[in-house]
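Note sheet for the following structure.
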Amino acid sequence: MANTVSFMTRNFGKYNPSSLDSYEQIGGFSALRKALSMTGEQIADCLAACAVKGRGGAGYDMGKKWRQAREVNQPRKVVICNADEGEPATFKDRTLMENDPFRLIEAMIIAGYSVGAQDGYLYLREEYSHLRPLFQNAIWQVREKGYLGENILGKTGFSYDVHLYSGAGAYVCGEGTALVESMEGKSGRPRMKPPFIKQCGLFHLPTCVNNVESLCLVPSILLDDKKEYLSYGTQNSVGTKMISVAGNVRNPGAFEIPFGVKVRDIIFDLAGGVKNNHEIQLIQFGGASGKIARPEDVLDIPYTYEDLTAAGVGVGSGAILVIDKRTSVLDFLLATQEFFFHESCGQCTPCREGNTQMKLLLEKVMAGMHTGEDLQNMKKIIMIMKNASLCGLGETAQNALSCAMDLFPECFAVKTEGN
Amino acid sequence: MIETPAVLTPALIQEMDEAMQRYGYEPSKLLEILLDIQKAVPRKYIPKAAAYYVAEKMHLKITQVYDVISFFSALHETPRAKYPIQVCSSVVCKVNHNCFVLDTLKDVLNIGLNEVTYDGRFTLEEVPCFGACDKAPAIRIHDVVYGPLTTRQQIIQIVQRLAEE
């Protein structure tokens, strides 16, 4: 089995990302043409048949999501592309957008057609502001050519436009309701659910949010007459996945792999192995909110949803962070904790206070001043944050620490007497 | 480059009017408008008078404008510099020795974190991951990412080029 494939990345380097003409020359917008010959339902079915799971991190069944969005009985709906890729060590969406911006626009139009929306919104994180001119230009060209507007490609009744929105440096805005709040010109604090945004989201309209990678898969899948996609992966993890490998590796980068490649091959072949051949301390999967594992527990397993879950980690955002032994487990944890301390929006107590207290407790552990009671409190706070936080940020912030307490108990050994 | 934040210069007013017009005075575009205004201000922040001006022109409550400014870390309430140098503080850059980058910048610019050089040209900021982990350790200055930065010479070159602009 090859370690990389070009399914959704097949256009990389094949056309000029600033030119719609050059995109059309390599077959651009033929997926939209095909989509318009199908019903919205058939498109959702096509995704369901390929068992596509959302690529933002939650892994929700994409065909199901589009079908549900379609079934919402309201005259006005919106589609949002979530390009607020904020998980540290994750940059696969950036890679997709830099190399193939027109594919994303095409996919957003297909999504709009399938779910019955009139407007699509691309929410681009401020950190990727260098991509703004690329997308402003792409949207403008696509509109001029008539792929956006009224009765697109002669399809009566299908009118759709795409709008570019910017974030402003808030990790929490990757969460659907916070994203929507920020797009309404407010601070990006997550909403209470229900109502879910699929019923009442942006501007109180039914909203279908998709990750960049999820959308980028759509044109390739629609044109996949030979069922190439289904030939990749395993029974429970079908197809290909964009991953990003970073940390102490020789060749950090984003790669499209078929599901099922061994983690060892990803790290040592694709990413070139560990710099200066240092020993691996730990590997984190899925960004800062992801779980961690010891190398011996994961290197020889295939990269699939089921195998990673069985090993106690997960696919998440598709990031693989390799940390070598020069960084201590506690240093790694503190850096991660500082990230969440900074990014917690402060709205709900479990996340705001939890992240603050965990940072203080972790500093105490690092100084070797902690007691058994401190460790018990840490476990308690982890449990409270996981169960009582308002959004995914607080729920997942302690994933790495929670794993570390199990995997590296020696780092948490109590040194002070009397406890 | 000294400016009096309380005074709205005609040039700034024009920039703000243009920014709001560009987005049709659309309240949902407040973030973009504020980011554009911040870019137009020489010291790359939103002066208080500017925030009030936007609130008035867009018929928004000043509390909503400040809710947004204070919430988002890409928006700033206090004067920064012509070139805010953002050093990634994420764990990925940390394990790739971002401390070398930060220490070198402190030394070269002769300022500490969040301080501004005497001419208002540079400031040093630590920011969370900006998605350039394949270029770690990385810095970002406006829309440009530089990395991986492993030698003092690389860092001096970046600073020198911007100092001459």
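Each chain gets a letter, A, B and so on, in the order its sequence line appears, and its residues count up from 1. Below, all heavy atoms of this structure are taken into account, side chains as well, without hydrogens, waters or symmetry copies.
Using a 4.5 Å heavy-atom cut-off against chain B, no residue of residues 281-289 of chain A qualifies as contacting.
Residues B:Asp67 and A:Lys186 are not paired through a salt bridge, judged by the lack of any N-O separation under 4.0 Å between the basic side chain and the carboxylate. Under a 4.0 Å N-O distance rule, the pair A:Lys275/A:Asp324 does not qualify as a salt bridge. Note on A:Arg76 versus A:Asp119: salt bridge recorded, some NZ/NE/NH1/NH2 to OD/OE distance being below 4.0 Å. Ionic pairing of B:Lys94 and B:Glu126 is not present here: no N-O contact between side-chain nitrogen and carboxylate oxygen is shorter than 4.0 angstrom. Using a 4.0 Å cut-off between charged side-chain N and carboxylate O, A:Glu181 and A:Arg191 make a salt bridge. At a threshold of 4.0 Å, the pair B:Lys57-B:Asp17 does not count as salt-bridged, since none of the basic side-chain nitrogens sits closer than that to a carboxylate oxygen.
A donor-acceptor contact closer than 3.5 angstrom links the side chains of A:Asn211 and A:Lys92.
Within the 4.5 angstrom heavy-atom criterion, no atom of A:Thr95 approaches chain B. In this structure, the portion of A:Leu164 lying under 4.5 Å from any heavy atom of chain B is its backbone and not its side chain. Interface residue A:Glu184: only backbone heavy atoms are found under 4.5 Å from chain B. The contact between A:Thr327 and chain B is made entirely by side chain atoms (from C-beta outward), counting heavy-atom distances below 4.5 Å. Looking at A:Arg189, both its backbone and its side chain come within 4.5 Å of chain B, counting heavy atoms on both sides. Of the atoms belonging to A:Tyr171, not a single heavy atom falls under 4.5 Å from chain B. If you measure heavy-atom distances from A:Val249 to chain B, you find no contacts under 4.5 Å at all.
With ring centers used as reference points, A:Tyr165 lies under 6.0 Å from A:Tyr121.
A heavy-atom distance below 4.5 Å is found between the side chains of A:Gln398 and A:Gln337. The shortest side-chain heavy-atom distance between A:Leu202 and A:Ile197 does not fall under the 4.5 Å cut-off. When side chains are defined from C-beta on, B:Pro137 counts as touching B:Pro148, because their heavy atoms get closer than 4.5 Å.
Of the residues considered (A:His163, A:Glu338, A:Arg132), A:Arg132 shows the highest number of contacts with chain B, using heavy-atom pairs under 4.5 Å. Ranked by heavy-atom pairs under 4.5 Å with chain B, the first of A:Ala168, A:Ala254, A:Gly346, A:Ser166 is A:Ala168. For the set A:Ala246, A:Ser187, A:Ala89, the entry with the most heavy-atom pairs within less than 4.5 Å of chain B is A:Ser187. In terms of heavy-atom pairs under 4.5 Å with chain A, the best-connected choice from B:Ile69, B:Val144, B:Val92 is B:Val92.
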